[in-house]
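The block underneath contains the structure these notes are about, expressed in structure tokens.
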Amino acid sequence: LSALSTPLSVAQGGTGAATLTADNLLVGNGTSAMAFLAPGTTNNYVKSNGTSWTSAAQATISSVVVKGLNSSASLASIAITSQTTRNVTMFNIPAYFTLGQITFNVVTATSAGTVKLCIYSESGSSLLVDLTTASISTTGIKNITVSPTVTFEPGNYWLAVGCGSSCNLTLNFHSSANTIGTNINGANIPAGENALEGTVTHSSGVCDSTLGSVTASTTKALVARLDT
């Protein structure tokens with residue numbers, strides 16, 4: 001075989017190609033030389049149309065509404081006052097999504113201050129978004145820019161919210177109750193697993209690099225809209 005001067009044909013068990021393009025997939029092409037499928041752009045996947053294969057872009061979405069997996073349909077007005085306690089909830093992003101803005105509502109501004117908004121991976125081991133708002137002294141809808149933007153793969157994530165500086169701000173949260181299921185967020189959470197909603201303790205005024213252990217508690221899911 002070392003003496004071959006031309007590529008070994010498909011009929012003889014070869015590829016029919018003199019070179020194989022780096023990082024391309026080989027695709028059968030009948031008795032002709034193997035075809036190549038290039039990776040395309042980041043996050044593409046191999047897609048069949050029933051006849052051939054292509055490198056296709058993932059489906060994307062432009063908005064996500066944060067709602068805890070333990071939440072009900074009702075809203076509650078809850079004050080955040082601590083620079084160390086973070087209200088946290090697990091939420092789902094169902095498709096590829098690029099985050100450029102977070103929106104939430106301030107019901108009462110008793111004492112002005114900054115708000116920390118942080119997003120963690122499902123395992124809690126990675127801090128993916130770490131935002132500190134400008135000082136908030138008024139009520140109403142707050143649109144917070146995320147720059148640079150952050151792209152998320154489909155999956156579960158954690159949203160954490162609390163005071164970045166001294167503050168007393170009442171925000172809208174989704175109501176929830178542990179009576180929805182003690183195995184979801186109550187006394188019977190499986191051993192070694194986190195609650196799906198509750199509080200964590202972080203260093204003052206910051207979001208720690210990891211989420212930490214979640215103490216189960218109700219009505220901790222911030223009513224938040226995420227947009228590109």
Side-chain angles (χ1 to χ4, degrees), residues 61 63-95 97 99 101-110 113 115-131 133 136 139-144 152 154-164 167-202 207-208 210-227:
I61 54 178
S63 298
V64 173
V65 175
V66 174
K67 186 172 184 180
L69 303 181
N70 195 43
S71 297
S72 69
S74 301
L75 298 183
S77 297
I78 304 294
I80 59 169
T81 59
S82 174
Q83 296 179 62
T84 57
T85 299
R86 302 280 176 253
N87 293 345
V88 300
T89 188
M90 182 181 285
F91 70 102
N92 182 261
I93 295 178
F97 170 68
L99 175 64
Q101 180 174 267
I102 299 178
T103 303
F104 61 95
N105 184 51
V106 177
V107 180
T108 305
T110 302
V115 173
K116 293 295 294 184
L117 295 164
C118 297
I119 298 177
Y120 292 85
S121 61
E122 181 177 13
S123 67
S125 62
S126 298
L127 175 58
L128 306 175
V129 175
D130 187 350
L131 290 179
T133 70
I136 295 174
T139 60
I141 300 298
K142 307 301 176 183
N143 301 308
I144 311 302
F152 294 87
N156 293 328
Y157 297 89
W158 290 92
L159 175 64
V161 59
C163 293
C167 80
N168 186 340
L169 301 168
T170 299
L171 312 180
N172 280 140
F173 286 81
H174 291 284
S175 295
S176 62
N178 288 343
T179 54
I180 292 175
T182 58
N183 62 317
I184 295 177
N185 207 57
N188 297 317
I189 297 169
E193 300 295 334
N194 255 328
L196 299 180
E197 182 180 350
T199 60
V200 297
T201 300
H202 286 178
C207 284
D208 289 350
T210 58
L211 181 68
S213 178
V214 178
T215 300
S217 184
T218 59
T219 313
K220 302 302 180 184
L222 180 69
V223 177
R225 172 174 173 148
L226 313 182
D227 290 287

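Just so it is clear, the values below take in all heavy atoms, side chains as well, and ignore hydrogens, waters and symmetry mates.
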- Task: Would you indicate whether the side-chain heavy atoms of V106 and L171 approach each other to under 4.5 Å?
- Result: yes
- Message: Can you tell me how far apart CG (L131) and NZ (K116) are? Round to the nearest 0.5 Å.
- Response: 7.5 Å
- Are any side-chain N or O atoms of H174 and backbone N or O atoms of V66, one a donor and one an acceptor, separated by less than 3.5 Å? yes
Side-chain donor-acceptor contacts of residues 74-81 below 3.5 Å, not counting sequence neighbours, with atom names and distances?
none

- Indicate whether any N or O donor in one side chain lies under 3.5 Å from an N or O acceptor in the other, for E197 and S176. yes
- Message: Check whether R86 reaches the backbone of L211 with its side chain - one donor and one acceptor, N or O, closer than 3.5 Å.
- Response: no
- Item | Nearest-0.5 Å distance, CZ of residue F104 to CD1 of residue I141 | 9.5 Å
- Atom of K142, atom of T139 and distance for their closest heavy-atom approach: NZ-O, 3.5 Å
- Query: Got a donor-acceptor contact below 3.5 angstrom from the W158 side chain to the E122 backbone?
  - Reply: yes
- Query: Quick one: are V107 and N172 in side-chain contact, heavy atoms under 4.5 Å?
  - Reply: yes
- Query: Quick check: does any side chain N or O of S121 sit under 3.5 Å from a backbone N or O of S126, one acting as donor and the other as acceptor?
  - Reply: yes
- Going by the salt bridge (Lys or Arg N to Asp or Glu O under 4.0 Å) test, which pairs reach into residues 75-85, not counting sequence neighbours? none
- Message: Quiz question: by atom type and distance under 3.5 Å, do the side chains of N87 and T199 form a donor-acceptor pair?
- Response: no
- Message: Donor-acceptor pair, distance only, cut-off 3.5 Å: does the side chain of S82 make one with the backbone of T84?
- Response: yes
- Message: Measuring only between side-chain heavy atoms, which start at C-beta, is I119 closer than 4.5 Å to L99?
- Response: yes
- dist L127:CG -> T210:OG1 (nearest 0.5 Å) comes out at 9.0 Å
- Heavy-atom check, side chain of L226 versus side chain of F91, under 4.5 Å: yes
- Value rounded to 0.5 Å, distance of OG1 in T170 from CG in N168: 6.0 Å
- Item | For I102 against A224, the heavy-atom pair lying closest together | CG2-CB, 4.4 Å
- Heavy-atom side-chain contact between V129 and L117 under 4.5 Å: no
- Which heavy atom of S213 sits nearest a heavy atom of V200, and at what distance? O-CG1, 3.4 Å
- Message: Can you tell me how far apart CG (L159) and OH (Y120) are? Round to the nearest 0.5 Å.
- Response: 10.5 Å
- Donor-acceptor contact below 3.5 Å, side chain H202 vs main chain G212: no
- Task: Please identify each residue that fulfils salt bridge (Lys or Arg N to Asp or Glu O under 4.0 Å) with D208, with sequence neighbours left out.
- Result: none
- Item | Side chain T108, main chain T110, donor-acceptor under 3.5 Å | no
- Please state whether the rings of F152 and Y157 are parallel, tilted or perpendicular, taking 30° and 60° as the class boundaries. perpendicular
- Spatial distance of atom CG (N143) from atom CD (Q101) [nearest 0.5 Å]: 4.5 Å
- Considering all heavy atoms of both residues, which atom of A195 and which atom of A216 are nearest to each other, and what is their separation? CB-CB, 3.6 Å
